[in-house]
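We're numbering straight along the sequence, starting at 1. No experiment lies behind these values; they were computed from the predicted model shown. Quick note: numbers below take in every heavy atom, side chains included, and nothing from hydrogens, waters or symmetry partners.
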Amino acid sequence: MSSPKPPITIAGCGPGKREYVIPLAEKAIQSAEVLVGSKHLLDMFPEVMATRIVLQPEIHKTLQAVQQAMPQKIVVIVSGDPGLASFSKLVVDQFGPENCRIIPGISSLQLAFARLGMDWTRIKIINAHGRTPPKTAHEPYTGGPIAVLTGGDPKSWSWTIDFVNQVCSKRVAVLENLGLDTERVGWYEPQSLYNQQVSSRTIVIVPESKERP
């Protein structure tokens, strides 16, 4: 006898275009009775007739709505990959991993290194998206590239610039809106970042010295 499927499926939807959604996630979304996610992601699937729960700034209200929707077939859609700086963690923490089936997606980080043609086996990831990372982020790191998830929020972008100028003296890659029509990729001297304005979907890559152009 097969085990019953978990009541909640969390599906990664890639960087924000439907063409990046893998078939397994697409199948789950199409069969959902309740679809949960940001308005942008929900709008990617206009034909799905499921009840929709729009992700709210007050996260606890969204989690309550998910709880109330049980035992219907619930699919939570998240941008990128559920395992990387995602709403997925809060869902799993709330309902337990035994009640969640996770379908991976193409993360912005994967796309960033693909655009640069770089290996990312030994990267260090720092999440500065809408937040200030702990002081340990400044500890010396002599491994592979450093990837900073950041964005247009003044505090997080300011922190990112200061961090990059502390750890790097050569050019870094700034990648914005990966996978979207407004995608932009450029290389910048660390000091020049003070003059740059970036979107809320930005990654800064500090490469290894041997890989810097």
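For Pro15 against Gly179, the heavy-atom pair with the smallest separation is CG-CA, 4.3 Å. Of all the heavy atoms in Asn177 and Ser199, the pair that sits closest is OD1-OG, 3.0 Å. Between Met118 and Pro145, the shortest heavy-atom distance links the atoms CE-CG, 3.9 Å. Of all heavy-atom pairs spanning Arg18 and Glu26, the tightest one is NH2-OE2, 2.6 Å. In terms of heavy atoms, Ala28 sits closest to Val75 at O-CG2, 3.5 Å. Closest heavy-atom contact between Pro104 and Ile22: O-CD1, 3.4 Å.
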- Message: Please determine whether side-chain contact (heavy atoms from CB on, under 4.5 Å) holds for the pair Tyr188 and Val204, giving the CA-CA distance in whole Å, both sets of side-chain angles, and the decisive distance to 0.1 Å.
- Response: CA-CA 10 Å; Tyr188 300 89; Val204 176; over 6 Å; no

- Message: side-chain contact (heavy atoms from CB on, under 4.5 Å) for Thr51 and Glu33? Distances and angles first, verdict last.
- Response: CA-CA 6 Å; Thr51 300; Glu33 295 175 321; over 6 Å; no

- Message: Walk me through whether Phe95 and Leu63 qualify under side-chain contact (heavy atoms from CB on, under 4.5 Å).
- Response: CA-CA 9 Å; Phe95 299 102; Leu63 295 173; 4.2 Å; yes

- Determine, stepwise, if the pair Val92 / Ile102 fulfils side-chain contact (heavy atoms from CB on, under 4.5 Å). CA-CA 9 Å; Val92 174; Ile102 297 179; 4.1 Å; yes

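For the pair Trp187 and Leu116, the minimum side-chain heavy-atom distance is below 4.5 Å. You'll find the side chain of Leu55 stays beyond 4.5 Å of the side chain of Val36, heavy atoms only. Contact annotation: the side chain of Val76 never approaches that of Ile53 to less than 4.5 Å [non-hydrogen atoms, C-beta and beyond]. Between Asp81 and Leu109, the closest side-chain pair of non-hydrogen atoms is not below 4.5 Å. At a threshold of 4.5 Å between non-hydrogen side-chain atoms, the residues Val174 and Leu193 count as touching. Counting heavy atoms from C-beta on, the side chains of Glu47 and Gln30 come closer than 4.5 Å. Counting heavy atoms from C-beta outward, Ile126 and Trp159 have side chains that approach closer than 4.5 Å. Side chains of Cys13 and Phe45 form a contact here, defined as non-hydrogen atoms less than 4.5 Å apart.
Separation of atoms CD (Glu176) and CD (Glu183) is listed at 10.0 Å; rounding is to 0.5 Å. Rounded to the nearest 0.5 angstrom, Leu149 CG and Leu84 CG are separated by 5.5 Å. To the nearest 0.5 Å, the span separating CZ on Arg184 from CG on Leu178 amounts to 11.5 Å. Distance CG/Leu175 to CZ/Arg115: 9.0 Å, rounded to 0.5 Å. Note that the CG atom of Leu180 and the NZ atom of Lys17 stand 7.0 Å from one another [nearest 0.5 Å]. Phe113 CZ to Ser108 OG: the interatomic distance, rounded to the nearest 0.5 Å, is 10.5 Å.
The neighbour count for Asp181 CG, taken as heavy atoms of other residues, nucleotides or ligands under 6.0 Å away, does not exceed 12. The 12-atom threshold is exceeded at CD of Glu98, counting heavy atoms of other residues, nucleotides or ligands nearer than 6.0 Å.
Under the 4.5 Å side-chain heavy-atom criterion for ILVMFWY residues, a single connected hydrophobic cluster contains both Val198 and Tyr194. Note on Val21 and Ile106: separate hydrophobic clusters, where clusters join Ile, Leu, Val, Met, Phe, Trp and Tyr whose side-chain heavy atoms are under 4.5 Å apart, directly or indirectly. No chain of hydrophobic side-chain contacts below 4.5 Å, direct or via other Ile, Leu, Val, Met, Phe, Trp or Tyr residues, connects Phe87 to Val54. Under the 4.5 Å side-chain heavy-atom criterion for Ile, Leu, Val, Met, Phe, Trp and Tyr, Trp120 and Val185 are members of the same hydrophobic cluster. Cluster membership for Leu35 and Ile8, using ILVMFWY side-chain heavy atoms within less than 4.5 angstrom, is not shared.
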Between side-chain atoms of residues 65-74 and protein atoms elsewhere (two or more places apart, or another chain), which donor-acceptor pairs fall under 3.5 Å?
from  : atom 1 : to    : atom 2 : distance (Å)
Gln72 : NE2    : Ala69 : O      : 3.2

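The salt bridge (charged side-chain N to carboxylate O under 4.0 Å, His left out) search around Arg101 returns none, not counting sequence neighbours.
Thr62 contributes a side-chain N or O that, together with a main-chain N or O of Gln56, makes up a donor-acceptor pair within less than 3.5 Å. Side-chain N or O atoms of Trp157 include one that pairs as donor or acceptor with a backbone N or O of Gln196 at under 3.5 Å. Proximity of a side-chain donor or acceptor of Ser86 to a complementary backbone N or O of Gly83 within less than 3.5 Å is not detected.
Partner of Ile29 under the side-chain contact (heavy atoms from CB on, under 4.5 Å) criterion, out of Leu42, Leu41, Ile77: Ile77 alone.
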